[in-house]
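As the structure lists them, so they are numbered: ligands from 1, and atoms in each ligand from 1.
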Amino acid sequence: MTDLSTSNPTLVQIALQERSYAISIGAGLLGQAQTYADVPAAATALIVTNTTVAPLYEAQLRQALVGRYKQVHTVTLPDGEAFKDWTTLNTIFDALLGQGADRKTVLFALGGGVVGDMTGFAAASYMRGVPFVQVPTTLLAQVDSSVGGKTAINHPLGKNMIGAFYQPRLVVCDLATLQTLPPRELSAGLAEVIKYGPIADMVFFDWIEANIDALMARDPAALAHAVQRSCEIKAEVVGQDERESGLRAVLNFGHTFGHAIEAGLGFGVWLHGEAVGCGMVMAAQLSERLGLVDSAFVARLTALIARAGLPTRAPVIDAQDNEGHYLAHMRLDKKAEGGDIKFVVIPSPGQAAVQGAPDAMVREVINACCAA
Ligand code: NAD
Ligand code: GLY
């Protein structure tokens, strides 16, 4: 189990040769100067955060950085998935250029996955690449988005369509920040925690089932274990397939349907984690129809997702042609090849694979999941 004291953070390593880095997990880490001791020194640091997170944690992070950087600037973005776009991204470049940031300037992403994905993309492209550190403050970001180097913004036609693979120098998971998360966001993060069970580790799935009430109650030890085990699984996958040439796609379990829900409803209507939770139910039902898993597994996964406070019924995204709209969005998924949609399915609990499915079968799943 994770040591909860600040002085002894738990470290999970991402092994990627010269791009290797640590995920540091513990309570109270983000305001400690020592946490950042191995991050490159530079004249300037830029904290990128948003209007919700800044009043909660920006001062703590700033205080930890002022001894190491001559200038610590902050850019505060509007909050929300709807702002994960070119216009908002450009405000990060405005801040960097306006403050004369050089190519050694270090960016610190302080916030959830939206801030992390945008800061990472800004770091990947400013002066062709500057160092950045992830300081994730949502459960979802601590267990998934801050780890592994996927950075992106949305396009109105598709989720995370414009971005880069670009690894941070350090990830700081301060478990204390999870205590201020709105309940809906805690549930959204639990979707990505649950994801790791069916795709990689059913012992972990058993543990989540046994501890879901403790997780929902934000028990610090339960959250610490969930973050650590999730990061270990993600580290193992990313270490084998950094740029998703194969294996890494399994981390997208539930995301093909989920991204269609997010884009179909308009970004920000359902939270990413909510869409992934419901998307996992849909992907599990597809796995059952493909003859891969039995109905007992689908029922078990669905029940856990519901206990995590997540929706298990899919939304109607178009009143006239709902299935057609789902399919159209899914054809834009990054896993699609030549318009053929690829799904992450569960051949047996604890293992995942990527494969296609007949449109008629996918339509049946959409119909079944959208039915009242
Ligand atoms: P988010 O970044 O929108 O954060 C959720 C909400 O919580 C926001 O309102 C935020 O301001 C607020 N918040 C953040 N920390 C808080 C705290 N400690 N206390 C109170 N409020 C806090 O959403 P998210 O769920 O963190 O991330 C979702 C995004 O992550 C999506 O854009 C998704 O595409 C992306 N994502 C990326 C990857 C990846 O590998 N890069 C993986 C999964 C998801
Ligand atoms: N969240 C999916 C991935 O990092 O690949």
Novice: Considering only heavy atoms, does Leu181 approach ligand 1 within less than 4.0 Å through its side chain, its backbone, both, or neither?
Specialist: both

Novice: Looking only at side-chain N and O atoms, does Thr91 offer a donor or acceptor that is under 3.5 Å from a partner on Asp94?
Specialist: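 The answer is no; no qualifying pair exists.
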
Novice: Below a 4.0 angstrom heavy-atom separation, can you tell me which part of Glu185, side chain or backbone, both or neither, approaches ligand 1?
Specialist: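 Contact part for Glu185 vs ligand 1: side chain (C-beta onward).
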
Novice: Do any N/O atoms on Val53 end up under 3.5 angstrom from N/O atoms on ligand 1?
Specialist: no

Novice: Ignoring hydrogens and geometry beyond distance, is a side-chain donor-acceptor pair present between Asn252 and Lys334 at under 3.5 Å?
Specialist: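 No, no side-chain donor-acceptor contact under 3.5 Å.
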
Novice: Does this structure show an ion pair linking Asp340 with Arg331, if we count only N-O contacts that are shorter than 4.0 Å?
Specialist: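 Salt bridge: no.
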
Novice: Tell me the contacting part of Ala188 for ligand 1: side chain, backbone, both, or neither, using a 4.0 Å heavy-atom threshold, strictly below.
Specialist: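 Near ligand 1, Ala188 shows nothing, with every heavy atom at 4.0 Å or more.
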
Novice: Whether the His73 and Gln71 side chains hold a donor-acceptor pair (N or O, under 3.5 Å, no angle test) is what I'd like checked.
Specialist: yes

Novice: If you take the nearest heavy atom of each of Thr137, Thr49, Leu140, which one is closest to atom 25 (O) of ligand 1?
Specialist: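 Of the listed residues, Leu140 has the closest heavy atom.
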
Novice: Could you tell me whether the side chains of Lys70 and Thr44 share a donor-acceptor contact shorter than 3.5 Å?
Specialist: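 No, because no side-chain N or O of Lys70 sits under 3.5 Å from a partner of the opposite role on Thr44.
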
Novice: With no hydrogens and no angle check, is any side-chain donor or acceptor of Asn50 less than 3.5 Å from a backbone partner on Thr76?
Specialist: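 Here the side-chain-to-backbone pair does not exist.
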
Novice: Evaluate His255 for polar contact with ligand 1, using N/O atom pairs at a separation under 3.5 Å.
Specialist: no

Novice: Looking at ligand 1, does any of its N/O atoms fall within less than 3.5 Å of an N/O of Asn50?
Specialist: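 The answer is yes, given that Asn50 and ligand 1 share an N or O pair closer than 3.5 Å.
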
Novice: Give the atoms of ligand 1, by number and element, whose distance to some non-hydrogen atom of Tyr57 is under 4.0 Å.
Specialist: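 Under 4.0 Å from Tyr57, ligand 1 has these atoms: 18 (N).
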
Novice: Considering only non-hydrogen protein atoms, determine which one is nearest to atom 31 (C) of ligand 1 and report residue, atom name and distance to 0.1 Å.
Specialist: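 Looking at atom 31 (C) of ligand 1, the protein heavy atom closest to it is Glu81 OE1, 3.1 Å.
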
Novice: Heavy-atom distances under 4.0 Å decide this one: backbone, side chain, both or neither, for Asp144 against ligand 2?
Specialist: side chain

Novice: Does a donor on one side chain and an acceptor on the other come within less than 3.5 Å for Gln32 and Gln60?
Specialist: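 On atom types as modelled, these side chains do not qualify, holding no pair under 3.5 Å.
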
Novice: Which bit of Thr52 is near ligand 1, meaning a heavy atom under 4.0 Å away: side chain, backbone, both or neither?
Specialist: side chain

Novice: Against heavy atoms of Asn160, which atoms of ligand 1 measure under 4.0 Å?
Specialist: 34 (O)

Novice: Is it the case that ligand 2 has an N or O less than 3.5 angstrom from some N or O of His255?
Specialist: no

Novice: Does ligand 1 have a heavy atom under 4.0 Å from the side chain of Asp79, from its backbone, from both, or from neither?
Specialist: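 The answer is the side chain of Asp79.
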
Novice: Checking side chain to side chain contact (heavy atoms under 4.5 Å, CB included) between Leu110 and each of Thr74, Ile47, Val115, Thr119, which is the one that passes?
Specialist: Ile47

Novice: Is it the side chain, the backbone, both or neither of Asn154 that has a heavy atom closer than 4.0 Å to ligand 1?
Specialist: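 No part of Asn154 is near ligand 1 at this cut-off.
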
Novice: Could you tell me the residue and atom name of the protein heavy atom closest to atom 21 (N) of ligand 1, and the distance to it rounded to 0.1 Å?
Specialist: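 Heavy-atom neighbour on the protein nearest atom 21 (N) of ligand 1: Pro182 CD, 3.7 Å.
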
Novice: Taking distance alone, with N or O pairs closer than 3.5 Å, would you say Asp117 contacts ligand 1?
Specialist: yes

Novice: Need the ligand 1 atom indices (1-based, order shown) with element for anything under 4.0 Å from a heavy-atom of Leu56.
Specialist: 19 (N), 20 (C)

Novice: Determine, stepwise, if the pair Phe257 / Phe343 fulfils ring pair (Phe, Tyr, Trp, His ring centres under 6.0 Å).
Specialist: CA-CA 9 Å; Phe257 289 107; Phe343 297 91; 5.1 Å; yes

Novice: Salt bridge between Arg300 and Asp206, side-chain N to carboxylate O under 4.0 Å?
Specialist: yes

Novice: With a 4.0 Å cut-off on heavy atoms, does Lys234 reach ligand 2?
Specialist: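 Heavy atoms of Lys234 do come under 4.0 Å of ligand 2.
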
Novice: For Thr151 and Ala164, indicate whether the former's side chain and the latter's backbone hold a donor-acceptor pair under 3.5 Å.
Specialist: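 Checked: pair present.
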
Novice: Could you tell me, atom by atom, which parts of ligand 1 come under 4.0 Å of a heavy atom of Gly113?
Specialist: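 What qualifies from ligand 1 is 2 (O), 24 (P), 26 (O), 27 (O), 29 (C), 30 (O).
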
Novice: Under a 3.5 Å distance rule, please check whether Ser125 uses its side chain to pair with a backbone N or O of Phe121 as donor and acceptor.
Specialist: yes

Novice: State whether a side-chain donor-acceptor pair under 3.5 Å links Thr88 with Asp85.
Specialist: yes

Novice: Are more than 12 heavy atoms from other residues, nucleotides or ligands located less than 6.0 Å from atom CG of Asp38?
Specialist: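 Incorrect, the count does not exceed 12.
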
Novice: To the nearest 0.1 Å, how far is atom 4 (O) of ligand 1 from its closest protein heavy atom, and which atom is that?
Specialist: Thr138 CG2, 3.6 Å

Novice: Considering only heavy atoms, does Lys234 approach ligand 1 within less than 4.0 Å through its side chain, its backbone, both, or neither?
Specialist: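 Side chain only; the backbone of Lys234 stays clear of ligand 1.
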
Novice: Any donor and acceptor pair, going by atom type alone, linking the side chain of Gln285 with main-chain N or O of Met282 inside 3.5 Å?
Specialist: no

Novice: Under 3.5 Å between any N/O of Val114 and any N/O of ligand 1: does that happen in this structure?
Specialist: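 Yes, since at least one N or O of Val114 sits under 3.5 Å from an N or O of ligand 1.
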
Novice: Provide, to 0.1 Å, the distance between atom 39 (C) of ligand 1 and the closest protein heavy atom, together with that atom's residue and name.
Specialist: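 Checking every protein heavy atom, the shortest distance to atom 39 (C) of ligand 1 gives Ser145 CA, 3.5 Å.
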
Novice: Using a strict 4.0 Å threshold on nitrogen-to-oxygen distance, state whether Lys159 and Asp333 make a salt bridge.
Specialist: no

Novice: Does Thr151 reach ligand 1 with a nitrogen or oxygen that is under 3.5 Å from one of the ligand's nitrogen or oxygen atoms?
Specialist: no

Novice: Out of Lys150, Arg243, Glu192, Glu242, who gets a non-hydrogen atom closest to atom 3 (C) of ligand 2?
Specialist: Lys150

Novice: Decide whether Thr52 and Asp79 meet the rule of one side-chain donor and one side-chain acceptor closer than 3.5 Å.
Specialist: yes

Novice: Please determine whether any non-hydrogen atom of Lys159 lies less than 4.0 Å from an atom of ligand 1.
Specialist: yes

Novice: Side chain, backbone, both or neither: which part of Leu271 comes within less than 4.0 Å of ligand 1 when only heavy atoms are counted?
Specialist: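 None of Leu271 does.
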
Novice: Under a 4.0 angstrom heavy-atom cut-off, which atoms of ligand 1 come close to Lys84?
Specialist: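 In order of number, 31 (C), 32 (O), 33 (C), 34 (O), 35 (C).
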
Novice: For His329 and Glu262, test the side chains for any donor-to-acceptor distance below 3.5 angstrom and give the result as yes or no.
Specialist: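 Looking only at side-chain atoms, Glu262 and His329 do not form any donor-acceptor pair under 3.5 Å.
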
Novice: When you measure from atom 17 (C) of ligand 1 to every protein heavy atom, which one gives the shortest distance, and what is it?
Specialist: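 In this structure, atom 17 (C) of ligand 1 has Thr180 OG1, 3.4 Å as its nearest protein heavy atom.
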
Novice: Show the atoms of ligand 1 that are less than 4.0 angstrom away from any heavy atom in Asp144.
Specialist: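 Selected atoms, number and element: 42 (C), 43 (C).
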
